[in-house]
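This report refers to the structure that appears directly beneath it.
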Amino acid sequence: MSRGLGMAKKSEFLASPVLVPLQGRRGQERVRRAVKGPVAAIREDILIKANSYTSLPEKAVRFKVRALVTVRNKHREDLKETIVKQLDALTDVIGRNVVLQLISTEVDPKSKEPKRSREAALRDWSKKSNMKAERVHYTAEFTVDSDFGVPGAITVSNKHQREFFLETITIDGFACGPVHFPCNSWVQSRKDHPSERIFFSNKWNPHCEEIGKKLLATIRLYLDSPVIGRVSLSVSRNLIMDGAGAVSVFLPFSPVENEDTKELWQTNFLQHDDQPAVFTERDPCRTQSVKRKELRNLRGDGEGVRKMSDRIYDFDVYNDLGNPDKGNQPDDLNMYPYDLYDEPCLIPRVPDTKAESRVEKPTPLFEESKQLTFSNGRLRAVLHTLIPAIKASISADNQDFSSFSDIDVLYKEGLLLKVGLQDEIWKNLPLLKAVSKMQESGEGQLKYDTPKILSRDKLAWLRDDEFAREAVSGINPVSIERLRVFPPKSNLDPEIYGPLESALKEEHILGHLNGLSVSQALEENKLFMIDYHDIYLPFLDRINALDGRKAYATRTLFFLTPLGTLKPIAIELSLPPAGPNSRSKRVVTPPVDATGSWIWQLAKAHVCSNDASVHQLVHHWLRTHASLEPFILAAHRQLSAMHPVFKLLDPHMRYTLEINALARQNLINGDGVIESCFTPGQYSMEISAAAYKNFWRFDKESLHADLIRRGMAVPDPSQPHGLKLLLEDYPYAQDGLLIWSAIDSWVRTYVEHYYPNSSTVCNDRELQAWYSEAINVGHFDLRDADWWPKLATSDDLVWILTVLIWLASAQHAALNFGQYSFGGYVPNRPALMRRLIPEENDPEYANFLADPQKYFLLALPNVLQGTKLMAVIETLSTHSPDEEYIGERQQPSIWTGDAEMIEAFYDFSAEIREIEKEINRRNADPGLKHRCGAGVLPYELLAPTSGPGVTCRGVPNSVTI
């Protein structure tokens with residue numbers, strides 16, 4: 001009977017197949033062990049016809065299903081919100097309510113569109129409007145026909161006046177069991193957002209399993225025979241549902257090996273030249289049209305003026321660093337060779353048609369707990385900078401730190417407003433009266449928290465060992481490199497920048513090499529360097545022409561001692577040559593007298609200033625925030641919410657677009673925090689842009705590639721992570737490799753589950769569109785670079801996704817959450833320097849000798865600059881209570897409908913917990929002196945978890961601040 005059916009219906013199996021080449025794949029475990037033959041899949045229309053031989057249509061009957069809807073309440077409401085909430089409760093009774101509608105995976109034969117249920121309103125909204133619980137549960141009831149199918153999507157229409165935060169929807173009553181819809185989104189009022197919101201179920205393709213079962217049944221009909229015998233196929237072992245929307249079956253043998261079945265198989269499965277063809281059902285989910293519509297809405301049409309309520313993700317060039325209305329627009333808007341992207345609303349300005357007014361605040365910007373944390377931080381920042389601003393406006397004498405005790409008082413009392421003889425007059429002014437009351441209340445709003453760098457040793461910042469230690473376990477551990485050539489060489493053009501030979505000579509460092517020659521130290525990998533020469537030198541003339549800004553292009557050499565610790569042995573300070581006989585380079589070495597000690601401290605301060613700017617502009621902003629944004633925008637535009645790659649990346653994209661929008665408004669904008677508080681001033685973003693053009697490469701952004709590029713490690717297959725660290729006590733790299741490996745293992749398990757071979761990667765149109773748009777539109781200026789990784793195999797996809805998750809989580813955490821702990825004490829890490837180091841023939845040299853402490857303090861940022869930066873980096877270093885850390889995610893048991901991937905994620909979470917224990921063990925190991933010792937801060941920036949606040953630890957899933 002099986003053979004007869006196959007021969008009788010031969011022509012139907014010839015209808016429009018999609019040929020997909022089969023390729024081998026690595027690591028396939030679930031069904032791969034028994035697989036030696038081909039992969040086969042059949043279009044669903046064929047399966048339906050085949051299935052019709054064994055079943056007759058039944059008359060549809062109606063039944064009820066129930067929706068459980070979870071809404072998160074706001075913790076705080078202002079008077080307006082309270083009034084609107086009460087109005088919504090009243091109007092809900094008369095029909096202005098929240099309405100849901102189910103969308104099936106089955107098609108309506110009349111409309112040719114997915115079936116839709118009747119609308120159902122949430123019940124008891126008015127009764128529960130005053131509940132104080134964090135989460136409120138509502139219900140709705142649908143009546144559907146028995147042939148409705150499985151819900152693949154659900155729409156939500158909010159007819160109330162105000163938005164609400166929708167966490168989850170669960171539908172009970174279908175034969176398939178509960179259907180979950182993770183939402184985690186604000187649902188705006190229809191007056192602001194007329195279109196209905198669409199949410200998809202946690203199964204990327206809820207129709208696939210049903211298709212697969214039919215496919216297996218059909219293949220059995222063709223393969224069961226006296227020759228082969230009964231074929232044992234099952235959904236769990238043989239069915240593969242991949243990320244391309246294809247359903248495939250892995251067979252435990254090749255039917256063409258048997259001559260009795262070869263003709264039958266070739267006829268019905270279009271096999272030619274012993275190469276099996278695969279019939280692919282491309283996205284059999286009947287919500288395909290709904291998915292496409294949602295993606296079109298999210299992409300927008302690029303026309304008109306955007307409203308705050310628009311849910312549109314679009315690319316545009318950020319070319320308005322200045323404000324033309326205030327006269328500070330850059331002369332050349334195209335001077336920056338890289339673009340910064342966001343979700344802009346573009347409104348032409350009248351004074352300057354080249355510039356734009358931008359509305360970049362998605363509404364609402366954050367979830368409530370995050371918004372409260374951010375608002376409190378901004379309030380503290382305002383209060384912290386208010387008094388310095390007032391004092392600076394009153395008298396020029398209030399602008400500088402006059403002693404180190406002036407800095408210490410910031411953490412004990414805060415900045416007190418003392419204005420001298422006219423105190424009583426000033427205190428009668430309304431603003432100053434309010435400030436005085438805050439000072440007298442003693443609530444601590446005007447005090448700064450003590451940075452961790454001072455918590456164990458107040459004088460640690462003076463020590464050379466701490467200066468070196470922070471190069472590998474501080475807030476910027478990614479600039480240090482192994483010195484491979486001495487003296488170091490520049491890659492700049494001597495025709496433009498003059499002679500570029502280093503001033504470093506062997507005699508500068510021989511006395512600090514523990515008896516080794518320079519060549520021996522190089523050969524034994526004992527010399528390391530932080531080199532900012534080529535980054536800074538092209539900008540120094542313009543920077544040093546700015547009022548109150550002075551900088552060198554620095555190189556710092558370190559020697560690896562027998563104890564395994566680093567010590568600084570020389571600092572090269574370079575300026576652009578002023579003439580053929582000018583001394584534009586200077587080398588400072590560890591001191592042997594009092595004068596040398598202060599010069600050495602000034603040199604280290606200039607290195608720290610260089611380091612602070614490169615850290616913030618290149619490693620932090622460019623390599624995490626900015627470079628990730630095109631991939632996130634493209635994901636929202638090209639990957640549907642039900643796509644497996646979107647589900648994987650979703651927790652690693654949280655808040656990044658919002659925080660980048662705020663950074664463009666307050667941090668990197670003209671006259672913003674970066675320009676005000678960092679040495680490069682208005683040239684800051686030009687330095688960042690130059691680094692993007694000349695240095696940034698996506699293929700070097702993996703941890704392994706970065707360590708090898710900097711010479712800090714060499715490939716070694718015998719080592720646990722395939723690398724040998726040439727500086728063994730390198731906390732960032734040691735801990736980072738643990739987290740990288742855990743991410744890589746988790747991503748590989750996930751990718752190989754959905755993409756078992758190259759065909760599934762190449763034929764996934766959404767996936768390819770995402771990667772292509774991220775490169776060709778998002779990274780437009782570098783789109784033609786030959787180093788972009790290809791996306792053609794499962795291994796390619798594993799590497800790309802691992803890099804993105806690493807950058808968003810661990811890399812960003814290592815570069816961000818220690819900013820206040822190390823930079824909150826200005827002398828330890830001055831972001832701005834105002835004076836060069838005086839030479840003996842300089843007029844200032846006498847003042848330096850007379851009072852070196854005063855000269856040192858005058859070289860640091862003034863009170864307003866220093867406290868402003870302290871206030872901002874305190875906010876940037878703060879974890880909010882709703883932080884999601886690596887190994888965690890919202891609704892961990894229902895974020896996907898794939899039980900195998902849920903289990904794999906829990907394994908990943910368990911591995912992260914073990915990593916945290918290992919980091920704690922390392923921080924207690926006295927043999928690791930870069931992270932353990934008297935007065936030494938443990939390295940916790942890559943410890944996965946943290947409490948809220950400024951903790952100098954914790955790895956959130958995404959760039960959240």
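The structure displayed is predicted, hence computed values, not measured ones.
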#### Entry: CA sep, side-chain torsions, deciding dist, call: Y411, L454, side chain to side chain contact (heavy atoms under 4.5 Å, CB included)
CA-CA 10 Å; Y411 316 112; L454 300 180; 3.8 Å; yes
### Query
If you count the non-hydrogen atoms of other residues, nucleotides and ligands that lie under 6.0 Å from CD in E918, is the total more than 12?
yes
### Query
Do E701 and R623 sit within salt-bridge range, that is, some charged N less than 4.0 Å from a carboxylate O?
yes
### Query
Does a donor on one side chain and an acceptor on the other come within less than 3.5 Å for T595 and D593?
no
### Query
Would you say the side chains of S627 and Y692 form a donor-acceptor pair under 3.5 Å?
no
### Query
When you check the side-chain N and O atoms of H625 and H812, is any donor under 3.5 Å from an acceptor?
yes
### Task
Salt-bridge test for E916 and R953: reply yes if a basic N is under 4.0 Å from a carboxylate O, no otherwise.
yes
### Query
Going by atom types only, do T960 and E883 share a side-chain donor-acceptor pair under 3.5 Å?
yes
### Query
Do D706 and R709 sit within salt-bridge range, that is, some charged N less than 4.0 Å from a carboxylate O?
yes
### Task
Would you check if there is a donor-acceptor pair between the side chains of Q811 and Y732 at a distance under 3.5 Å?
yes
### Message
What I'd like to find out is whether the side chain of V826 reaches to under 4.5 Å of the side chain of T867, using heavy atoms alone.
### Response
no
### Message
Could you check whether R469 pairs with D464 (Lys NZ or Arg NE/NH1/NH2 to Asp/Glu carboxylate O, under 4.0 Å)?
### Response
no
### Message
Pairing donors with acceptors under 3.5 angstrom, does anything connect the side chains of Y532 and T556?
### Response
no
### Query
Can you tell me if S609 and T679 form a side-chain donor-acceptor pair at under 3.5 Å?
yes
### Query
For S958 and T656, does a side-chain donor sit closer than 3.5 Å to a side-chain acceptor?
no
### Query
Is the side chain of R829 donor-acceptor paired with the backbone N or O of C608 at a distance under 3.5 Å, no angle test?
no
### Query
Tell me, do Y552 and M833 make a side-chain contact under 4.5 Å, heavy atoms counted?
no
### Query
Side-chain contact, heavy-atom cut-off 4.5 Å: P827 with L860?
yes
### Message
Minimum heavy-atom separation for R586 and I837, please, with both atom names.
### Response
NH1-O, 3.3 Å
### Message
Checking side-chain polar atoms at under 3.5 Å, does W806 have a donor or acceptor matched by the opposite partner on D744?
### Response
no
### Query
So, S809 and N957: side-chain donor and acceptor under 3.5 Å apart, yes or no?
no
### Message
Between F467 and W600, is the ring centroid distance below 6.0 Å?
### Response
no
### Query
Is the shortest heavy-atom distance from the side chain of L649 to the side chain of I805 under 4.5 Å?
yes
### Query
Does the side chain of H704 come within less than 4.5 Å of L737's, by heavy atoms?
yes
### Query
Do the non-hydrogen side-chain atoms of I480 and L566 ever get within less than 4.5 Å of each other?
yes
#### Entry: Test of ring centre spacing under 6.0 Å for H512 and F559
no
### Presence of salt bridge, D457 and R463, under 4.0 angstrom
yes
### Task
Please lay out, stage by stage, how F698 and F631 fare under the test ring pair (Phe, Tyr, Trp, His ring centres under 6.0 Å).
CA-CA 12 Å; F698 185 66; F631 290 96; 5.1 Å; yes
### Message
Regarding R931 and D735, does a basic nitrogen lie under 4.0 Å from an acidic carboxylate oxygen?
### Response
yes
### Message
Show, in sequence, the C-alpha distance, side-chain angles and deciding distance for S909 and E888, and conclude whether the side chain to side chain contact (heavy atoms under 4.5 Å, CB included) test is met.
### Response
CA-CA 7 Å; S909 300; E888 302 174 352; over 6 Å; no
### Query
Is the closest side-chain heavy-atom distance between L513 and I569 below 4.5 Å?
yes
### Message
Quiz question: by atom type and distance under 3.5 Å, do the side chains of H615 and S479 form a donor-acceptor pair?
### Response
no
### Query
Does the separation of the ring centres of Y730 and H930 fall below 6.0 angstrom?
no
### Query
Does the ring centre of Y855 sit less than 6.0 Å away from the ring centre of F848?
yes
### Query
How far apart are the C-alpha atoms of F404 and W461, what are their side-chain angles, what is the distance that settles it, and do they pass the ring pair (Phe, Tyr, Trp, His ring centres under 6.0 Å) test?
CA-CA 13 Å; F404 288 106; W461 69 276; 5.7 Å; yes
### Message
Please check if the number of heavy atoms outside E728 that lie under 6.0 Å from its CD is greater than 12.
### Response
no
### Message
Between E572 and S502, is there a side-chain donor-acceptor contact under 3.5 Å, judged purely by atom types and distance?
### Response
yes
### No-hydrogen, no-angle side-chain donor-acceptor test under 3.5 Å, Q819 and Q616
yes
